[in-house]
Novice: 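Got a structure here, written out as structure tokens. Questions coming.
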There are 2 protein chains.
Amino acid sequence: MGLQKDNERRVFLNNEECPIRNVVAQIGDKWSILILFALVDGPDRFNSLKSRIEGISQRMLTQTLRDLERDGFVLRTVYPQVPVKVEYELTELGKGLSASVWKLVSWAGDHHADIRKARQQYDEESER
Amino acid sequence: MGLQKDNERRVFLNNEECPIRNVVAQIGDKWSILILFALVDGPDRFNSLKSRIEGISQRMLTQTLRDLERDGFVLRTVYPQVPVKVEYELTELGKGLSASVWKLVSWAGDHHADIRKARQQYDEESER
DNA sequence: CAGAATCCCAGTTGATACTG
DNA sequence: CAGTATCAACTGGGATTCTG
């Protein structure tokens, strides 16, 4: 797993086998999770995604979709019409990932107030 | 929640209230999760952490610990001896976060093979 | 419509040296 | 021991322009 339980537990980096760096880091970027969630309702087209995901540039949407496709989370289908139509949808793997990430986001949502409070308190204390 | 269910679901960015950007993005950096996991076994000292987390620089360890402390995930205790001793440990909030992240990492671990396979396949296909 | 290609800056990170 | 300070290098990502 890349995480090993030794006498002294060590946490590894640069380990090809490590899912933490290899997967979590992959979706820890600025846009992956947002795209994943934008697709949970069903397939969607490039420009539709672009308009639904606030603030994303076309460059980043393309790039992040490619990465997600590469990892098997997203399926890209081209319909050869004029003009061309391209649909993106979650694979089964992608749905699993989304569900799993969703739990984390839920936790974050539930504890968001605590975090903001801690942050505020920390900032106040460090001012003095 | 920052995520809203409209007729057309939109995903927001730059929303102060949004836990996705505010929390997940916070721990989506290069080191936070590693540090969190390094602390699940119990309190640890600065230099011990540094040696257990492979590849982290002292600068990044300091900085990331500060951020985690600010968010209320980590507690920092200074023992005024000579030389000084500083211990870091997870707060209750931090334990909750770790547990929650752990589920995601577990999922990643379970499906890591699938992801690597997809990645390999994608790369092979794009070579031609 | 759905991108590909460039350019370029701002923020992040690493390396190094110094300190209470 | 546990940092802080500084500077250089790297890189993610936005803006813009062009195309099948």
Side-chain angles (χ1 to χ4, degrees), chain A residues 8 11-14 20-21 24-35 38-39 43-71 74-89 122 125-126, chain B residues 8 11-14 20-22 24-35 38-39 43-71 74-89 122 125-127:
Chain A
E8 270 207 321
V11 181
F12 288 94
L13 174 67
N14 294 332
I20 300 185
R21 298 243 62 86
V24 178
Q26 192 71 224
I27 60 158
D29 65 32
K30 199 172 177 183
W31 299 110
S32 293
I33 292 180
L34 271 346
I35 294 178
L39 287 173
D44 202 2
R45 309 175 52 171
F46 186 86
N47 277 330
S48 172
L49 281 171
K50 180 160 168 12
S51 65
R52 287 173 58 215
I53 302 174
E54 191 177 88
I56 197 168
S57 66
Q58 171 254 45
R59 183 193 192 294
M60 279 302 104
L61 181 56
T62 304
Q63 184 175 308
T64 310
L65 279 170
R66 289 286 181 280
D67 291 343
L68 292 173
E69 190 195 356
R70 187 169 103 102
D71 283 354
V74 162
L75 181 66
R76 176 175 180 267
T77 311
V78 182
Y79 297 89
Q81 346 175 110
V82 186
V84 117
K85 170 178 160 183
V86 179
E87 263 192 359
Y88 293 90
E89 63 189 309
Y122 181 95
E125 283 172 10
S126 49
Chain B
E8 271 207 322
V11 181
F12 288 94
L13 174 68
N14 295 331
I20 299 184
R21 295 245 62 87
N22 228 328
V24 179
Q26 192 72 224
I27 58 157
D29 65 35
K30 199 173 176 183
W31 300 109
S32 293
I33 293 179
L34 272 346
I35 293 178
L39 287 173
D44 202 2
R45 309 175 54 171
F46 186 86
N47 277 329
S48 172
L49 282 171
K50 180 161 169 9
S51 66
R52 287 173 58 214
I53 301 173
E54 190 177 270
I56 196 167
S57 67
Q58 172 253 43
R59 184 192 189 295
M60 280 301 104
L61 181 57
T62 303
Q63 185 174 310
T64 311
L65 279 169
R66 288 287 181 279
D67 292 343
L68 292 173
E69 189 194 357
R70 187 169 101 102
D71 283 352
V74 163
L75 181 66
R76 175 175 180 269
T77 310
V78 182
Y79 297 91
Q81 343 175 113
V82 186
V84 118
K85 169 179 162 184
V86 179
E87 263 193 359
Y88 294 89
E89 63 189 309
Y122 181 95
E125 282 172 11
S126 49
E127 269 179 31

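Letters A, B, ... are given to chains in the order of the sequence lines, protein chains preceding strands, and every chain is numbered from 1. All values below come from the heavy atoms of this structure, side chains included, with hydrogens, waters and symmetry mates left out.
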Novice: Side-chain contact, heavy-atom cut-off 4.5 Å: A:Q26 with A:D67?
Specialist: yes
Novice: Going by the rule side chain to side chain contact (heavy atoms under 4.5 Å, CB included), which residues pair with B:R59 if we only count those two or more places apart in sequence or in a different chain?
Specialist: B:S57, B:Q63
Novice: Provide, to the nearest angstrom, the distance between the CD1 atom belonging to A:I56 and the P atom belonging to D:dG12.
Specialist: 15 Å
Novice: So A:Y88 and A:I35, do their side chains get closer than 4.5 Å, heavy atoms only?
Specialist: no
Novice: How about A:Y122 and B:D71: do any of their side-chain heavy atoms sit closer than 4.5 Å?
Specialist: no
Novice: For A:V84, what residues pass the side chain to side chain contact (heavy atoms under 4.5 Å, CB included) criterion, not counting sequence neighbours?
Specialist: A:V78, A:V86
Novice: Just jot down the side chain to side chain donor-acceptor pair (under 3.5 Å) partners of B:N47, sequence neighbours excluded, or say none.
Specialist: none
Novice: Contact between A:I56 and A:L34 at the side-chain level, heavy atoms closer than 4.5 Å - yes or no?
Specialist: no
Novice: Between B:Q63 (CD) and C:dT13 (C1'), how many Å, whole number?
Specialist: 8 Å
Novice: Starting at atom CD of A:E69, determine the distance to atom P of C:dA2, rounded to an integer number of angstrom.
Specialist: 15 Å
Novice: For nucleotides 2-7 of chain D, list the nitrogen or oxygen atoms of the protein found under 3.5 Å from its nitrogen or oxygen atoms, one pair per line.
Specialist:
residue: D:dA2; atom: OP1; partner: B:R45; partner atom: NE; Å: 3.0
residue: D:dA2; atom: OP1; partner: B:R45; partner atom: NH2; Å: 3.2
residue: D:dA2; atom: OP1; partner: B:V86; partner atom: N; Å: 3.3
residue: D:dA2; atom: OP2; partner: B:N47; partner atom: N; Å: 3.0
residue: D:dA2; atom: OP2; partner: B:N47; partner atom: ND2; Å: 3.3
residue: D:dG3; atom: OP1; partner: B:R66; partner atom: NH2; Å: 3.2
residue: D:dG3; atom: OP1; partner: B:R76; partner atom: NE; Å: 3.3
residue: D:dG3; atom: OP1; partner: B:R76; partner atom: NH2; Å: 2.6
residue: D:dG3; atom: OP2; partner: B:Y88; partner atom: OH; Å: 2.5
residue: D:dG3; atom: N7; partner: B:Q58; partner atom: NE2; Å: 2.2
residue: D:dG3; atom: O6; partner: B:Q58; partner atom: NE2; Å: 3.4
residue: D:dT4; atom: O4; partner: B:Q58; partner atom: OE1; Å: 3.1
residue: D:dT4; atom: O4; partner: B:Q58; partner atom: NE2; Å: 2.7

Novice: In this structure, how many angstroms lie between the P atom of D:dG12 and the CG atom of B:D29, rounded?
Specialist: 14 Å
Novice: Supply the atom-to-atom distance B:R66 CZ to B:T62 OG1, rounded to the nearest 0.5 angstrom.
Specialist: 6.0 Å
Novice: Roughly how many Å is it from CE in B:M60 to C1' in D:dC10, rounded to a whole number?
Specialist: 13 Å
Novice: Report yes if at least one side-chain N or O of B:K30 is closer than 4.0 Å to OP1 or OP2 of C:dG14; otherwise report no.
Specialist: yes
Novice: Could you tell me, to 10°, how much the axis swings from one end of the helix from C:dC1-D:dG20 to C:dG20-D:dC1 to the other, five pairs per end?
Specialist: 50°
Novice: Using atom CG of B:L34 as one end and atom P of C:dT13 as the other, report the distance to the nearest whole Å.
Specialist: 13 Å
Novice: Which residues satisfy the side chain to side chain contact (heavy atoms under 4.5 Å, CB included) test with A:E87, sequence neighbours excluded?
Specialist: A:P43, A:R45, A:Y79, A:K85
Novice: Find the distance B:L61:CG to C:dT13:P and express it as a whole number of Å.
Specialist: 13 Å
